[in-house]
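FYI, side chains are in, hydrogens and waters are out, and symmetry mates aren't considered; it's all heavy atoms of this structure. Atoms within a ligand are numbered from 1 in the order they appear, just like the ligands themselves.
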Amino acid sequence: MSKKRLATVWLGGCSGCHMSLLDLDERLLEIAKLADIVKSPLVDAKEFPECDVALVEGGITNADQVHEIQVIRQRTRFLVAFGDCAVTGNVLELRMRFSKEECLARSYIEAQSNVAGRIPADPDLARLIERWGPLHEHVRVDYFLPGCPPSPDLIFHVVSELLQDRTPDLDLGGKAHYG
Ligand code: SF4
């Protein structure tokens with residue numbers, strides 16, 4: 001069996017799901033036998049490449065991520081919502097109690113650590129979208145991998161099964177859970 005192409009992506013998340021991925025420890029070597037990692041926070045690639053499996057951590061919070069997840073969808077065979085933020089919105093939903101303007105004011109005007117006392121003029125900083133939420137609100141998702149973060153056992157099972165052209169058990173025999 002030829003080697004597959006694996007990508008991992010960090011969008012609107014805290015990186016905790018990727019920390020759990022690193023907790024695969026020596027099982028990362030088994031993944032490396034099955035696939036080349038063609039894009040990840042540790043693998044610099046300016047363009048998102050074609051890949052067989054993409055683990056996408058976090059939900060969608062800004063216009064750049066809306067574009068990015070659409071590109072990922074176009075170039076990915078199996079897109080996996082990686083962790084509760086990607087699956088349900090999870091903690092991102094807490095922001096929805098406040099308007100975009102309130103969030104920007106809190107970050108750039110009210111926060112004690114802020115010295116500028118104003119929202120920066122850089123237009124990129126003002127491109128938050130009104131609704132933050134899970135991936136499936138923007139693109140079709142093939143697999144939903146729950147957990148905050150997902151357990152290393154579940155990550156290994158899902159990734160290794162997909163890389164070997166098998167259908168993973170997303171419930172992991174009743175062991176998978178949200179939160
Ligand atoms: Fe962080 Fe949990 Fe969201 Fe993963 S699911 S990005 S660990 S808050």
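- Residue-ligand proximity, Cys148 to ligand 1, at heavy-atom distances under 4.0 Å covers atoms 2 (Fe), 5 (S), 8 (S).
- If you number the atoms of ligand 1 from 1 as listed, the ones under 4.0 Å from a heavy atom of Gly147 come out as 5 (S).
- Within the 2.8 Å limit, Cys14 places no N, O or S atom next to atom 4 (Fe) of ligand 1.
- Close approach of ligand 1 to Cys17 is summarised as follows: ligand atoms under 4.0 Å from at least one heavy atom of the residue are 4 (Fe), 5 (S), 6 (S), 7 (S).
- Among protein heavy atoms, atom 3 (Fe) of ligand 1 sits closest to Cys85 SG, 2.3 Å.
- Listed by number with element, the atoms of ligand 1 under 4.0 Å from a non-hydrogen atom of Asp84 are 5 (S).
- Close approach of ligand 1 to Gly13 is summarised as follows: ligand atoms under 4.0 Å from at least one heavy atom of the residue are 6 (S).
- Listed by atom number, the atoms of ligand 1 under 4.0 Å from Gly16 heavy atoms are 7 (S).
- Using the six-membered ring where Trp is involved, His18 and Phe82 have ring planes that are perpendicular, over 60° apart on the 30 and 60° scheme.
- Residues Ser160 and Gln164 bring no donor and acceptor atom of their side chains to less than 3.5 Å of each other.
- Taking a cutoff of 4.0 Å between a charged side-chain nitrogen and a carboxylate oxygen, Asp44 and Lys39 do not qualify as a salt bridge.
- Between His138 and Ile129 the shortest side-chain heavy-atom distance falls below 4.5 Å.
- Counting heavy atoms from C-beta on, the side chains of Met96 and Arg131 come closer than 4.5 Å.
- Between the CD1 atom of Ile72 and the CZ atom of Phe48 there is a distance of 4.5 Å, given to the nearest 0.5 Å.
- Ligand 1 does not have Gly12 within reach: every non-hydrogen atom of the residue lies 4.0 Å or more from it.
- Against a heavy-atom cut-off of under 4.0 Å, Asn90 is close to the following atoms of ligand 1: 2 (Fe), 3 (Fe), 5 (S), 8 (S).
- Once rounded to the nearest 0.5 Å, the distance linking CD of Glu102 with CD of Glu110 reads 8.5 Å.
- Close contacts between ligand 1 and Glu57 involve ligand atoms 6 (S) [criterion: under 4.0 Å to a heavy atom].
- Note that Arg27 lies in the cation-pi zone of Phe156, set by a 6.0 Å cut-off to the ring centre and a 45° limit from the axis.
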